[in-house]
Amino acid sequence: MSDKNDSIEDARLVIAIVHDNDADILESSLETAHFRVTRLKSSGGFLKEGNTTFFIGTAARYLDELMEIIDENCRERKRTISPLSPIAAEMQSYHTLPMEVEVGGATVFVIEVEQFKKL
Amino acid sequence: MSDKNDSIEDARLVIAIVHDNDADILESSLETAHFRVTRLKSSGGFLKEGNTTFFIGTAARYLDELMEIIDENCRERKRTISPLSPIAAEMQSYHTLPMEVEVGGATVFVIEVEQFKKL
Amino acid sequence: MSDKNDSIEDARLVIAIVHDNDADILESSLETAHFRVTRLKSSGGFLKEGNTTFFIGTAARYLDELMEIIDENCRERKRTISPLSPIAAEMQSYHTLPMEVEVGGATVFVIEVEQFKKL
Ligand code: NI
Ligand code: NI
Ligand code: NI
């Protein structure tokens with residue numbers, strides 16, 4: 001199958017900001033599904049942690065599929081962590097019992113594209 | 001107060017490119033005002049200096065407030081510098097008297113968003 | 001001549017993703033033509049190689065000129081490489097004869113801008 005950004009009609013730029021932990025699996029899932037992605041190192045947001053910004057060009061008709069892939073790989077979920085884990089240390093936590101933290105999550109912007117070109 | 005990107009109606013993506021020197025204070029000012037920001041390391045422009053690119057998702061009704069915060073923290077302003085200062089050295093200046101340089105400044109793009117999602 | 005992002009009417013944000021090898025020459029060609037550019041380090045796409053993402057603000061009437069400059073400096077082209085060259089090594093090729101590879105290429109998004117400001 002050809003790439004999903006081969007259409008110049010109804011092109012969209014999708015900007016997805018995801019946690020670093022989810023970036024590699026998201027990238028390979030998108031590539032398996034024939035989306036072309038560009039990734040950039042970014043930071044900011046809750047806990048000031050590192051994150052990854054993806055630029056994904058796609059035709060509008062693939063947006064639902066794209067959202068589903070992002071959701072499957074990056075959805076915010078709770079994880080129970082030990083107070084001795086590196087995540088707990090990063091959070092400078094003084095809890096002494098196992099606790100739940102939220103991991104993952106994605107912020108996604110879909111933007112209309114006036115012109116899309118591959119040179 | 002909840003974050004200013006909580007609305008899925010009238011969402012805007014604001015891309016602001018600012019000088020590195022102003023990036024930290026801008027980021028904390030935006031967070032104090034409940035804007036959610038993502039920052040990326042960038043470069044280019046006058047003097048080839050390093051700069052920082054911010055992606056800020058917001059509802060349209062907060063755009064004026066956002067612009068004001070960017071303006072307060074990043075506005076281009078003149079500063080009198082000594083010819084012995086590091087800035088003068090960076091400019092490879094051969095002036096021998098105190099001189100005025102422009103510092104700060106921001107380039108801001110406001111873009112309409114077709115879909116905005118938090119997963 | 002003044003910069004080509006001086007107009008607040010019909011502003012466009014052009015996002016161009018190009019190969020690292022073409023990034024420096026593209027940046028200087030754009031600056032010679034009075035385009036203002038911001039560049040960011042990115043990655044992804046075919047061969048997972050490093051690439052460079054440019055943000056270029058311009059008035060719509062300069063889009064044709066801009067596309068021509070990107071095309072001249074980044075167009076995808078074939079190059080014959082020796083099987084002993086670093087590029088061949090990177091491709092983990094087991095060919096033993098000179099072969100053709102595609103280099104260069106650019107992916108370009110043109111996006112309408114609701115507001116453009118220089119502070
Ligand atoms: Ni296929
Ligand atoms: Ni609050
Ligand atoms: Ni000129």
Side-chain angles (χ1 to χ4, degrees), chain A residues 1-18 20 22-44 50-60 62-63 66 69-70 73 109-119, chain C residues 10-20 22-23 25-26 29-30 38-77 102-114:
Chain A
M1 212 184 93
S2 60
D3 288 337
K4 276 161 183 157
N5 67 352
D6 54 358
S7 165
I8 61 165
E9 285 172 74
D10 290 324
R12 295 294 184 277
L13 171 64
V14 177
I15 299 178
I17 300 152
V18 310
D20 277 346
D22 298 332
D24 286 347
I25 179 72
L26 176 60
E27 184 174 9
S28 37
S29 300
L30 289 171
E31 283 169 355
T32 302
H34 293 281
F35 288 100
R36 290 291 294 270
V37 307
T38 298
R39 61 189 275 181
L40 302 95
K41 192 72 209 72
S42 52
S43 65
N51 48 45
T52 299
T53 297
F54 284 92
F55 288 176
I56 307 152
T58 184
Y62 298 119
L63 279 174
L66 175 56
I69 294 173
I70 297 173
N73 290 284
F109 300 91
V110 178
I111 293 165
E112 289 186 43
V113 172
E114 189 182 51
Q115 285 184 54
F116 171 75
K117 297 201 179 190
K118 290 173 88 166
L119 302 176
Chain C
D10 289 324
R12 295 294 184 278
L13 171 64
V14 176
I15 299 178
I17 300 153
V18 310
H19 286 227
D20 278 346
D22 297 333
I25 179 73
L26 176 60
S29 300
L30 289 172
T38 298
R39 61 190 275 182
L40 301 94
K41 192 73 208 70
S42 51
S43 64
F46 185 57
L47 288 184
K48 304 279 173 204
E49 62 213 314
N51 48 44
T52 299
T53 297
F54 284 93
F55 288 175
I56 306 152
T58 184
R61 66 183 177 283
Y62 299 119
L63 280 173
D64 286 347
E65 180 188 353
L66 174 57
M67 289 295 180
E68 206 175 323
I69 294 173
I70 297 173
D71 188 46
E72 272 165 17
N73 290 284
C74 306
R75 193 179 338 169
E76 200 163 46
R77 64 263 181 198
E102 285 187 346
V103 293
T107 300
V108 185
F109 300 92
V110 178
I111 294 165
E112 289 186 42
V113 172
E114 191 184 49

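Each chain gets a letter, A, B and so on, in the order its sequence line appears, and its residues count up from 1.
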Which residues share a side chain to side chain contact (heavy atoms under 4.5 Å, CB included) with Gln115(A), sequence neighbours left out:
Lys117(A), Leu63(C), Met67(C), Val110(C)

With a 4.5 angstrom heavy-atom cut-off, could you sort out which part of Ile15(C) is near chain A: side chain, backbone, both or neither?
side chain

Could you give the distance from NZ (Lys118(A)) to CD1 (Ile17(C)), rounded to the nearest 0.5 Å?
10.5 Å

Does the side chain of Leu119(A) come within less than 4.5 Å of Cys74(C)'s, by heavy atoms?
no

Once you measure the plane-to-plane angle for Phe55(C) and Phe55(A), does it fall in the parallel (<30°), tilted (30-60°) or perpendicular (>60°) bin?
parallel

Any non-hydrogen side-chain atom of Arg12(C) less than 4.5 Å from a side-chain atom of Glu114(A)?
yes

Nearest-0.5 Å distance, CG of residue Leu40(C) to OG1 of residue Thr53(A):
9.5 Å

Atom pair CD1/CG of Ile111(C) and Leu13(A) - distance to nearest 0.5 Å:
4.5 Å

Asp71(C) versus chain A, the contacting section by heavy-atom distance below 4.5 Å
both

How long is the span from the OG1 atom in Thr107(C) to the CZ atom in Arg36(A), to the nearest 0.5 Å?
6.0 Å

At a heavy-atom separation under 4.5 Å, does Val113(A) approach chain C through its side chain, its backbone, both, or neither?
both

For Asp20(C), side chain to side chain contact (heavy atoms under 4.5 Å, CB included) partners two or more places apart:
Lys41(C), Thr52(C)

